[in-house]
Every structure is written in C-alpha cells, then in structure tokens.
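Have a look at the structure below before the remarks.
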Protein chains: 2
Amino acid sequence: MTRPAKRITSEDVARLAGVSRTTVSFVLNNRPGQSIPEETRRRIFDAAKTLQYRPHASARSLAAGRSDIVLLSIPDLPIGSGISRYIEELAAALAENGLTLVTHLEGAHGRPVADVCATVAASAVIGLLPFTREAAAALHSAGAVAVLPPHAGEDLEIMEPVGHAQATHLIDRGHTQLGYALPAHTALKPMGDERLRGANSACAAAGLPAPLALSTSLEIADAAAAVRQWLDQGVTGVCAFNDDTAIAVLAGLREHGLSAPGDLAVVGADDIPTARLASPPLSTVAFDLHQAGARQAAAVVAALAGQDHDLGTTEGSLRVIQRASS
Amino acid sequence: MTRPAKRITSEDVARLAGVSRTTVSFVLNNRPGQSIPEETRRRIFDAAKTLQYRPHASARSLAAGRSDIVLLSIPDLPIGSGISRYIEELAAALAENGLTLVTHLEGAHGRPVADVCATVAASAVIGLLPFTREAAAALHSAGAVAVLPPHAGEDLEIMEPVGHAQATHLIDRGHTQLGYALPAHTALKPMGDERLRGANSACAAAGLPAPLALSTSLEIADAAAAVRQWLDQGVTGVCAFNDDTAIAVLAGLREHGLSAPGDLAVVGADDIPTARLASPPLSTVAFDLHQAGARQAAAVVAALAGQDHDLGTTEGSLRVIQRASS
DNA sequence: GTGAAAGCGCTAACAT
DNA sequence: ATGTTAGCGCTTTCAC
C-alpha cells in the first residue's frame, strides 16, 4: 500500500535494451574509455526513456562512494535577498557539472551541519562563513570529501573589496573623514570586519585616517546614537555594512531631523530591492552574484576532483550604484 | 589519499560490543517489539560512541527504502527574511521527529525539484507554493512518499487570514474605502490573490466595498502611479501584500509630497526588520512562524506515517503591529 | 534474546 | 564490446 509502484531498476532497462546492467551503467554514466557502439547506446537511452528510469540515488552513492550532492550551509543570520540570487547561480553552475545543491539553514534548534551532511551523504559542503577547524573535521568524518572554503577567510574574499569600493566611492566624492557602520548582530561580525578592513586599506591608500567604526542594530534609536557620534567626530560620509544597516543609518539621520547626503553621505552594500525605495534612495555597491556562484562552483568541482584551485580574482564583479544618498 | 579514513561500519560496533550486526541495528534503531537486555543495549551504545559510529545514510535508505530526508522546495521569488525563520522552525520541529530538512531553491537554471528529490532520496517534499498535479506526480515517481501540501491552496491557508487582519485593522480605524497593493512579480501572484481574498471578505463582512486592488513593482514611479489612482478613487487606507510592497507605497506617497497615515494609511505584512526603519515606521501584520513550522512538521510526520492530518487552525498566530503608518 | 543470511539497486574489477 | 561477479553498509525475515 505504501509503495504500490515498483521501482524501475537498471535491470529493467537492461532487459528492454537487450544488454547487461553493466552496459547500461557504462552508457548512462557516460564512462570514459569505453567504446560502445552508437547503436547500443541509443537502444539503452531509448529504453531508459520509455521506462522513465531514474537511478536510485542511495544505491548509486552506496556503490560508488560518491553522491554528487553538495550541501550549502547557511549560518543563522539575517541574510538579505541577495543571498538567494547567489544560491541560484551556484546551484545552476553546479548542475552543469552534474552536481545537485541543497541548502541547510543552521538554526539554534536544528541539527548540526555535520549531521545533515551525513544524512544526505553530501560529498561536498560549502560554508557561507568559514568553518572552524573542528567543524571542518566533523564534516570530513561525516563523509564530506570536500569542505569549502578550505582555508578560513577565503570565502570572505569578496567582502574586503566591497569595503574598499565603498570607501573609495566616498573618498572620490571628497570625503576625508569616514565612518563605518558595522552590524550589531554578532554572527555578522566576521563579514563586517572584513568589509571594514577593505575600507581601512582604501583610506590608508589615500593618506586618510581609518574610518570611525561604530556598530548599530536595526533600531532607530541605536542608529541615531551612532549618527550623533559620527557627526561629533567630524565624519561626513559613512559606509554601511549592508543596505539594511545603511537604511538604519538613514533612519537615524531622520531622527535628528537631518538627511543624506547633506549632513552625512551614506553608502550601503548588496543593492537590495528596497534600497532604491529608501529616503533618499540609497547608494550601494552591488556585486556580481552570478560570477561569485560560478567561481564557487568551479572551486567545488576542483576540490571534488582532488585538485587545488585558485579562486581567481574578484576583478570587475563590483559595481557601485550611485543614488541620492551620497 | 582521497579517502584515507576507512568508514566505521556497524560491523565494527558489533565486534566491539561482542554482538551481531543485527542486534546493533535493533538497538540503535530502537526497534519496537524486541526485548534486549539493558546490559547489551548499553554495551552497544558505548561501542558506538567510542567508535564515533555514524550509520551510512545511503546504505540505510537503500536497505530501508526510506530516507528521513525532507525536502523543502522554495520557488524562485523574492523572499523576505521571514521565510528563513519559518524554515528554521520547520527544521527544528522535523528534527525532533528524526527528520532532516534540506531546502532547494527552484531557479530558472537549476534542476527541477523532482530531480533534486530523486538525488537526495527525499521521502517527503514540501512546497512553499502548492505543486501542480503533474509536479506532484513527478515527485512521487521520483521516490517521494509524501508531497505537501496534498491539496492545492492548503499551504496558502495562512495567506487569507493575513489579508483579513490587514483590512480589519484599517476598518477598525475608520477607513471605509480600502486599496490593496498587489506585487507585480508574477510568482507572487497566488499569494497576493489569497491575501486579497482575505481583505475582500473582511470588507464584505463590514458592509464595505471590496478594496481597490492595484499591483505595483518595487519602483518608485510605479508605486506613485498606484498611489495617485487610489487617491483619485477616494481610497484612504491601503493594505500591501508584504512589507516590501508597503515600503514602495510609502515611497510613492513621498514622491507626491504626501505621507502616511495622513494622506493614505498603509499596513504591510511580514514584519521585516526594516519595517520599523521606514518613514514613517510601518504598521504590519506578523505571523507566528514558530507555530506555522511546527504545524507543517506535524503534517509531514503524519503524511509519512500514511495518515491524513488536519492542519488545524491559524487561530492566534497573527498579530498586527501598529506603528506610525496607519 | 541473538545470529545467519538474503537482499536493497547500483558500480567496477575482472573475465570473455 | 559486453557480460559475470563481487561487493558497498545496512535492514529484516527467519531460525536457533
């Protein structure tokens, strides 16, 4: 009753095509180094199609020791909608390599990522934030062949250029005293620090003092306090960790009866849909999720093949979008 | 090199505990109807622990025919951060039943959800939006034992009450001519229609005409046009499909030099973090994701057990948050 | 109460 | 070029 439809196995396909299961496996998996006549090939494909054959994933991965499943672990943090674009791109790029992406949201009450990794038999797992050494070890012992990023910080690579671009934008517009709005959420801290680092280097390169970094929650009062402080210190432009934080800064300004960019210029990051709806419309630096996803996919494929892989450069993937706030 | 660590199998555990693999399986899976001495049980648990034994998921699901994996399919639509709360709750509730949740973002270029379902050998798949009859069939033939929601619209159940609550809020505040801001994004249409339906019924119940429904993108000009139309028609309060859309409406008002709630009251839905940062802070109706997740989990568990399950009521899971915009 | 043995559906040496 | 065969690690029926 529970399982009325008997599964179609490769045996069925073999029988219909008049060959052995081995041949079916070879053809369907397109194994290299085999010379199988076009004719046989076609018969097998046809048989598989008419039978609507779907290889049993568990059986396959049990036998092969690999699973073609890639797990993306998303930490429990307030992520903007941008991330879903990234996931889509990543999934698409992986799919082109025959890999399937599934994602796991690390929640406080959910199960540890290593458990999930083991349960789905993922052969690779990607962390949005780098894994600690212990976490990585746990993942490996949970069966993951590849764990990315392999070295802490590598995935944050895109973060630093963002901060750099933000600061540069403001510097180009004549600001000499910058501020940086860090997110209050602790899980976001690593990312925030990375972006701040980028801003620092941009200032240093321009012979300017480092930005005055302040962290703020998404509460108006909190943001208003930060704004007060920046203004008191002579800051004229602030880069925000992301657009949400930038919108908070804008709200903080409004709270004081001030506004951007006159009293304080502000530039966000991520280009969320509501950025242009802000008052005033928010300047922001957007990055090329498509490229990021494709690059990450390439790294996974390489890691799965046991090769080291250079992530390449971020060149050209950032774009600053100038709106009224700066 | 690629696989230096030999897997720890149940055989190892059996050996260390001095029993057979059968017994290990019985104990570790806590199979009912077996009377195994506490002593033996303990030995097995200990052995498993010291060996750090992790059952091989693929082998298990191959043999058992079930996988304990639940796949959540998320359609390609601009989702707010609220959804991740829901996913977390759902994952936690499923975890309590020994089920593991993974999610798949349906992208234009990704693979079809049925493929993913087959690849991960999910035994249940949940759609955020209902599946078409064909899609559900494909999922079943991909190995899914349960596909939810079983009947179109059931998952949208929460949508209608939202619209109802929004309209009621405005009606309570004396508005008699309502507007409804539908999202322009086509993928969001089903949800939007459902919420609108709820608003319609609230108006009908109050003896008022149905809300003037207009759809708007997240572009200021677009929203401004809608605002113009509402105002021309004598609308004094509008419910927006979600907070993003509501923020667009606020921006549209601003574009005309007007503001909420004086010129037009507006109430959103979802209570996104930036709702309170809007100008003016946005009134919104929030719903209890925790409860929604737990209920969905219960439905999955029931479906997996082959039982029909009543989703229960939405009673008390909605909360309207009054801020300055209404 | 516990163990032996037969698969689950597939892959991959090894034969032919 | 194709078939034979032996597992992958686990569950589960059936004897003991």
Side-chain angles (χ1 to χ4, degrees), chain A residues 2-3 5-15 17-44 47-48 51-69 98 118-119 121 123 142-143 145, chain B residues 2-3 5-15 17-44 47-48 51-69 98 118-119 121 123 142-143 145:
Chain A
T2 0
R3 176 147 291 185
K6 257 225 338 64
R7 245 199 169 287
I8 293 148
T9 74
S10 78
E11 171 109 44
D12 297 323
V13 177
R15 190 171 20 239
V19 296
S20 78
R21 299 195 8 245
T22 309
T23 311
V24 172
S25 176
F26 280 171
V27 169
L28 260 31
N29 293 349
N30 194 25
R31 295 218 56 188
Q34 307 291 333
S35 43
I36 290 165
E38 236 357 276
E39 151 70 6
T40 308
R41 266 189 145 60
R42 207 190 35 69
R43 273 217 318 281
I44 293 175
L51 290 177
Q52 298 225 63
Y53 169 67
R54 272 271 191 40
H56 188 107
S58 307
R60 179 209 283 270
S61 78
L62 174 57
R66 268 176 342 104
S67 81
D68 293 347
I69 292 181
T119 303
S123 38
V145 174
Chain B
T2 1
R3 178 148 288 184
K6 258 231 330 58
R7 247 200 168 286
I8 293 148
T9 74
S10 78
E11 171 108 44
D12 298 322
V13 177
R15 191 173 17 240
V19 296
S20 78
R21 292 181 29 230
T22 309
T23 310
V24 171
S25 176
F26 282 170
V27 170
L28 259 31
N29 292 349
N30 194 26
R31 292 218 57 190
Q34 308 290 332
S35 44
I36 289 164
E38 238 356 276
E39 151 70 5
T40 308
R41 264 189 147 61
R42 208 190 35 67
R43 274 217 316 282
I44 293 175
L51 290 178
Q52 298 227 65
Y53 170 67
R54 271 270 191 40
H56 188 107
S58 307
R60 179 208 282 269
S61 77
L62 174 57
R66 267 176 354 97
S67 82
D68 293 348
I69 293 181
T119 303
S123 37
V145 174

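Because the structure is a prediction, the values reported are computed rather than measured. Throughout, a chain's letter reflects where its sequence line sits, starting with A, and its residues are numbered from 1. The figures that follow rest on heavy atoms only: side chains count, while hydrogens, waters and symmetry mates do not.
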Which residues satisfy the salt bridge (Lys or Arg N to Asp or Glu O under 4.0 Å) test with R43(A), sequence neighbours excluded?
-> E39(A)
What nucleotide, of dC10(C), dT11(D), dT12(D), holds the atom closest to the side chain of Y53(A)?
-> dC10(C)
Gap between atoms CZ and P, on R21(A) and dA1(D) respectively (whole Å) | 22 Å
Nearest 0.5 Å, what's the NE2-OG1 distance between H56(B) and T9(B)?
-> 11.5 Å
Identify which nucleotide among dA12(C), dT13(D), dG9(C) has an atom closest to any side-chain atom of A63(A), counting heavy atoms from C-beta outward.
-> dG9(C)
Using a distance-only test with no angle check, is there a side-chain donor-acceptor pair under 3.5 angstrom linking S61(A) and S58(B)?
-> yes
Checking dC10(D), dC10(C), dC8(C) against the side chain of L62(B) (C-beta onward), the nearest is dC8(C)
Phosphate OP1/OP2 of dT12(D) contacted by R31(B) side-chain N/O (<4.0 Å) | yes
Grab the CD1-C1' distance between I44(B) and dT11(D) for me, whole Å please.
-> 15 Å
Please report, rounded to the nearest Å, how far the P atom of dC8(D) is from the CZ atom of R7(B).
-> 13 Å
Starting at CD1 of I8(A) and ending at P of dC8(C), how long is that distance when rounded to a whole Å?
-> 16 Å
Minimum-distance nucleotide to S10(B) side chain [options: dT2(C), dC10(D), dG9(C)] = dC10(D)
With a 4.0 Å cut-off on heavy atoms, is T40(A) in touch with a base, just the backbone sugar-phosphate, or nothing at all?
-> sugar-phosphate
For the side chain of S25(B), counting heavy atoms from C-beta on, which of dT12(D), dA12(C), dG7(C) is nearest?
-> dT12(D)
Of the nucleotides dT11(D), dC10(C), dT2(C), which has the atom closest to the R60(B) side chain?
-> dT11(D)
Given atom CD of E11(A) and atom P of dT4(D), what is their separation to the nearest angstrom?
-> 11 Å
Round to the nearest Å and state the distance from R15(A) atom CZ to dG3(D) atom C1'.
-> 16 Å
Side chain of S20(A) (C-beta onward), nearest among dG9(C), dT2(C), dT2(D) | dT2(D)
Determine whether any donor atom in the side chain of T22(B) lies under 3.5 Å from an acceptor atom in the base of dT12(D), or the reverse, and answer yes or no.
-> yes
Do R60(B) and N29(B) have side chains that get closer than 4.5 Å, going by heavy atoms?
-> yes
With sugar-phosphate meaning primed atoms plus P, OP1 and OP2, does I36(B) contact a base, only sugar-phosphate, or nothing at under 4.0 Å between heavy atoms?
-> sugar-phosphate
d(CG, L28(B); P, dT2(C)) in whole Å | 14 Å
F26(B) atom CZ is separated from dG3(C) atom C1', nearest whole Å, by 10 Å
Please determine, for the side chain of A59(A), which listed nucleotide (dG7(C), dG9(C), dG1(C)) has the closest atom?
-> dG9(C)
Selection from dT2(C), dG9(D), dA12(C) that lies nearest to any side-chain heavy atom of H56(B) | dG9(D)
Using a cut-off of 4.0 Å on non-hydrogen atoms, how would the nucleic acid contact of T23(B) be classed: base, sugar-phosphate, or nothing?
-> sugar-phosphate
How far apart are the C-alpha atoms of Y53(A) and D12(A), what are their side-chain angles, what is the distance that settles it, and do they pass the side-chain contact (heavy atoms from CB on, under 4.5 Å) test?
-> CA-CA 9 Å; Y53(A) 169 67; D12(A) 297 323; over 6 Å; no
Nearest 0.5 Å please: distance from the OG1 atom of T119(A) over to the CD1 atom of I69(A).
-> 11.0 Å
